[in-house]
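Take a look at the structure set out below.
In each ligand, atom 1 is the first atom listed, and ligand 1 is the first ligand listed. Computed from a prediction, not measured in an experiment: that's the story for all the values here.
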Amino acid sequence: MVLTDYTEIRALLTRHGFRFSKSLGQNFLTAAWVPARIAEESGLDADTGVVEIGPGVGCLTAELSARAGKVVAIEMDRALKPVLAETLQGRDNVEVVFGDATKLDLKSLAAEKLAGLRPVVCANLPYNVTTPLLTAILDAGCFASVTVMIQREVARRICAQVGSPDYGAFGLFVQWHCETALLFDVPPSCFVPQPKVTSSVIRLTRRSAPPIAVQSEELLFRVIRAAFNQRRKTLVNALSSQLGYEKSLIEEVLTSCGFDPRVRGEALAIGDFAAVSDKIVYRINGTL
Ligand code: SAM
């Protein structure tokens, strides 16, 4: 069975009484080149164990299974159980786990089911939960790489650098943990039902250490989130109103870092945020 052939998928799903769920972000691929290329870009081999989130009818799962040591596919929709049993029959290195990937402990799951293999994530993610899923995947801290298809708009935010209109807190969070690469776009015509937006495939490669050593990672990300929560405000106003610091302290910190006190957070690169948050730590400890 060709798992990206629209006629075959429709016959298969009808036979199992399946109905697409919008709330589960069910847009299944109908262009064979897409799952093949996503799997190829993941750099898999027999020593790799893949966590896939949302196998759908299993078109990407089959491509992953052909290249990796093992695939653990997490699917929330139990209506796909008989479908996947049929489409993945005979693929001995695939295990399907039914559950909500946003609620599972991905680190324990990878340790238990992919022991001895290099764990990676590869998926066409359900778009309604892209950000919580990517946050959970990065927080798990165990995946060497994450190759995923997501909405183009989110992909651009994740890969955005300072100066871009897409630059923001989530991109900085991802870039803190990973090297990012925007690989290729996929048009709505490659799915059934067709989504309203273009999709992009990105690859995140986990860094062995953060790009910069900082005094407090927790404070760094509080500063970044405060800066972008109110991106039209000056950094002085954003940090004093959201983090409760005296304006004079923030002004002093910014000046000592070489910034105009009227600067906005969106003008600061990750290294600048690191310098600002470190100076706040020193200033509070009385060492500045
Ligand atoms: N991999 C298939 C493909 O490329 O054709 C399907 C991708 S579809 C965009 C997203 C899949 O994620 C659906 O099968 C949906 O049921 C599943 N899904 C949605 N939310 C989920 C969640 N929280 N946990 C696990 N799977 C989820």
[X] heavy atoms, cut-off 4.0 Å: which ligand 1 atoms fall inside?
X: Gln26; answer: 13 (C), 15 (C), 16 (O)
X: Phe28; answer: 5 (O), 6 (C), 14 (O)
X: Leu29; answer: 3 (C), 4 (O), 5 (O)
X: Gly99; answer: 24 (N), 25 (C)
X: Asn27; answer: 7 (C), 8 (S), 9 (C)
X: Cys59; answer: 3 (C), 5 (O)
X: Ile74; answer: 25 (C), 26 (N)

Determine whether the side chains of [X] and [Y] contain a donor N or O and an acceptor N or O closer than 3.5 Å.
X: Ser240; Y: Glu246; answer: no
X: Ser277; Y: Gln215; answer: no
X: Asn27; Y: Gln194; answer: no

Would [X] and [Y] pass as an ion pair if we require N to O under 4.0 Å?
X: Lys107; Y: Asp105; value: no
X: Arg152; Y: Asp185; value: yes
X: Arg15; Y: Glu86; value: yes
X: Glu40; Y: Arg67; value: yes

With respect to [atom], which of [options] exhibits the smallest heavy-atom separation?
atom: atom 3 (C) of ligand 1; options: Asn124, Leu133, Asp100; answer: Asn124
atom: atom 15 (C) of ligand 1; options: Glu75, Glu63, Arg78; answer: Glu75
atom: atom 12 (O) of ligand 1; options: Gly54, Gly25, Pro35; answer: Gly54

Per-residue contact class, [X] against ligand 1 - non-hydrogen pairs under 4.0 Å:
X: Leu60; answer: neither
X: Glu52; answer: side chain
X: Pro55; answer: backbone

Note to self: Does the structure place the NZ or CZ of Arg206 under 6.0 Å from the centre of the six-membered ring of Phe143, at an angle of no more than 45° from the ring's axis?
What the structure shows: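 Ring-cation test returns no.
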
Notebook entry, point to check: Any idea how Tyr167 and Phe228 line up, ring-wise: parallel (<30°), tilted (30 to 60°), or perpendicular (>60°)?
Noted result: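 Perpendicular, since the angle between the ring planes exceeds 60°.
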
Next item on the list: Verify, without hydrogens or angle tests, whether Arg231 (side chain) and Ala227 (backbone) share a donor-acceptor contact under 3.5 angstrom.
Entry: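 Flag not set: sc Arg231 to bb Ala227 has no pair under 3.5 Å.
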
Notebook entry, point to check: Is a side-chain N or O of Ser164 found less than 3.5 angstrom from the main chain of Asp166, in a donor-acceptor match?
Noted result: yes

Measure the distance from [atom] to every protein heavy atom, then report the residue, atom name and distance (to 0.1 Å) of the closest one.
atom: atom 24 (N) of ligand 1; answer: Ala101 N, 2.9 Å
atom: atom 19 (C) of ligand 1; answer: Leu24 O, 3.0 Å
atom: atom 20 (N) of ligand 1; answer: Pro126 CG, 3.5 Å
atom: atom 22 (C) of ligand 1; answer: Met76 SD, 3.5 Å

